[in-house]
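Notes follow once the structure below has been shown.
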Amino acid sequence: MDIGPSPWRRDRHGPRPFPVGEGTEALVRAVRRLADQGLSASVEYHGEEVRHPEQVSAALHRYLRLLDRLAAEGLSAVTELSVHPTELGLYLGAEGEALAVASLARLCAGAERTGVTVTVRAGTGGTDEAVSRLVAAVRTDHPRLGVEVWPRSRLTGEPPLRPGSRVRLCSGAPEGAPAATLLSRHEGDLAYVRALRRLIDSGAQSVVATHDPRLMAIAGALAALATEEIEYQVGRGARPRDIGEPGARVRVGLAYGPGRHGSPRRGPRPVSTPGGPPSARLGSGPLTWDPVER
C-alpha cells in the first residue's frame with residue numbers, strides 16, 4: 001500500500017495518556033467513567049526514576065494492590081497496565097535483566113488472576129534488544145503479554161511475535177529519542193505500515209496507537225485480514241471520527257502518579273450523545289469522555 005508524506009503533525013510523539021491525578025482513587029474514577037461509556041483504559045504510572053532494586057519491589061507491590069482494587073471494582077476486564085521496563089529494574093546493572101524477568105512474571109501472574117492485561121512499554125528511544133529479550137522470556141509462561149513498538153525508531157528491534165500475543169504499534173517518535181536514531185516522518189509511516197502487515201500475518205493482536213487518520217484508515221482496511229480484532233489506542237487530542245474502522249474497539253491512555261504527566265489538566269468536555277449512551281464502538285462525531293472529575 002503506497003502512502004504519501006503526511007501533513008499530520010499532532011501525532012508527532014504518538015498518543016499521550018490523559019493525566020488524571022496522583023492517587024489510585026482518581027485513577028479508578030477515571031477508568032469507571034470510561035467503562036460506563038463502553039471504553040477501555042490503558043494505565044501508566046508516572047513517578048520517580050527507579051535506581052535501586054528496593055524501588056522495583058515497591059513498584060511491583062503498588063501494581064499488585066492496584067490489580068486487587070480494579071478486581072474489587074469490577075474493572076479488570078477493561079484495564080491494561082502499561083509498564084515501563086525501568087520500573088521492572090531492566091537497566092539496573094548486570095542483575096537488572098534477571099530482576100526484570102522475575103518482577104514481570106510475578107506481575108503477569110497477578111494480572112491473569114484478576115483479568116487485567118499487561119503491556120511492556122518501550123525503553124528510552126525505542127524497543128531495544130533488552131526489552132525484546134525480557135518480553136520473550138516472560139511470554140513463555142504468559143503468552144498474552146503485550147509489548148510496545150515504535151517503527152520510526154532505528155533502535156527498534158524485531159518484536160517477539162506469536163499468535164495471540166499483543167503488540168502496541170506506536171506512530172511518531174518515542175519521547176527522548178535523539179534525532180539521529182529516527183527515520184524521517186515519511187519513512188516512519190512506511191515502516192509503520194510494514195510492521196502492521198507483519199503483525200497481522202503473524203496472528204498477533206495489533207494495537208494501533210496513533211492519531212494519524214491516514215494510518216488509522218490503513219489499519220481499518222487491513223483489519224479484514226486479521227485473525228484477532230484490531231484495537232485502537234488514543235490519548236489527549238483524539239478525534240474518533242478519524243478511527244479507520246467503524247465499530248473498532250478503542251482504549252484510552254490514562255496516566256496517574258506524582259510524575260510530571262500525572263497531575264490533572266484541562267481536558268475535553270463531556271458531550272451528550274443523542275439517542276443513548278456513548279459506546280466504544282465509535283463512528284463519527286466528537287470524543288464523548290472526560291475522565292477527570294471537575
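Under a hydrophobic clustering in which Ile, Leu, Val, Met, Phe, Trp and Tyr are joined whenever their side-chain heavy atoms come within less than 4.5 Å, directly or via other members, L60 and Y91 fall into the same cluster. Put simply, V56 and V101 are part of two different groups of oily side chains (I, L, V, M, F, W, Y) that touch within less than 4.5 Å, one to the next. Taken together through direct or relayed side-chain contacts under 4.5 Å among Ile, Leu, Val, Met, Phe, Trp and Tyr, L104 and V116 form part of one hydrophobic cluster. Criterion: ILVMFWY side-chain heavy atoms under 4.5 Å apart, direct or through other members. Under it, L99 and V83 are not part of a common hydrophobic cluster. Linking Ile, Leu, Val, Met, Phe, Trp and Tyr whenever their side-chain heavy atoms come within less than 4.5 Å leaves V207 and V147 in two separate clusters.
No salt bridge links D189 with R152; every basic N to acidic carboxylate O contact stays at or beyond 4.0 Å. Between R249 and E229 there is no salt bridge, since no side-chain nitrogen of the basic residue lies less than 4.0 Å from a carboxylate oxygen of the acidic one. Under 4.0 Å is where a charged nitrogen must lie from a carboxylate oxygen, and between R51 and E49 at least one such pair does. Ion pairing of R168 with E80 is present here, as a side-chain N (NZ or NE/NH1/NH2) and a carboxylate O approach within less than 4.0 Å. The pair R69-E73 counts as a salt bridge, with a side-chain nitrogen and a carboxylate oxygen less than 4.0 angstrom apart. The residues R113 and D68 are annotated as salt-bridged, a charged nitrogen and a carboxylate oxygen being separated by less than 4.0 angstrom.
Atom CD of E44 and atom NE2 of H84 lie 9.0 Å apart (nearest 0.5 Å). One finds the CG atom of L75 at 11.5 Å from the OG1 atom of T114 (value rounded to the nearest 0.5 Å). Interatomic distance, OG of S165 versus CZ of R139, reported as 4.0 Å (0.5 Å rounding). For the atom pair R121 CZ and C170 SG, the distance stands at 9.5 Å (nearest 0.5 Å). The distance from the SG atom of C108 to the CG atom of L145 is 4.5 Å, given to the nearest 0.5 Å. Residue H46 holds its NE2 atom at 8.5 Å from CD of E87, rounded to the nearest 0.5 Å.
At a threshold of 4.5 Å between non-hydrogen side-chain atoms, the residues V208 and I230 count as touching. By the 4.5 Å heavy-atom criterion applied to side chains, L34 and L254 are counted as neighbours. Annotation: side chain of L81 is in contact with side chain of L66 (closest heavy-atom distance under 4.5 Å). Counting heavy atoms from C-beta on, the side chains of L215 and L196 never come closer than 4.5 Å. With contacts defined as side-chain heavy-atom distances shorter than 4.5 Å, the pair V193/L190 does not qualify.
Contact between G21 and A26 at its shortest, heavy atoms only, is CA-CB, 4.4 Å.
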Quick one: do L222 and R197 satisfy side chain to side chain contact (heavy atoms under 4.5 Å, CB included)? Show the steps, please. CA-CA 8 Å; L222 294 174; R197 282 179 161 176; 4.0 Å; yes
With side chain to side chain contact (heavy atoms under 4.5 Å, CB included) as the criterion, how do L92 and T86 come out once you've worked through the C-alpha distance, each side chain's angles and the decisive distance to 0.1 Å? CA-CA 8 Å; L92 294 182; T86 55; over 6 Å; no
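Under a cutoff of 6.0 Å and an axis angle of 45°, R251 and Y232 do not form a cation-pi pair.
For the pairing with Y192, the side-chain contact (heavy atoms from CB on, under 4.5 Å) check across D212, I218, L169 returns one residue only, L169.
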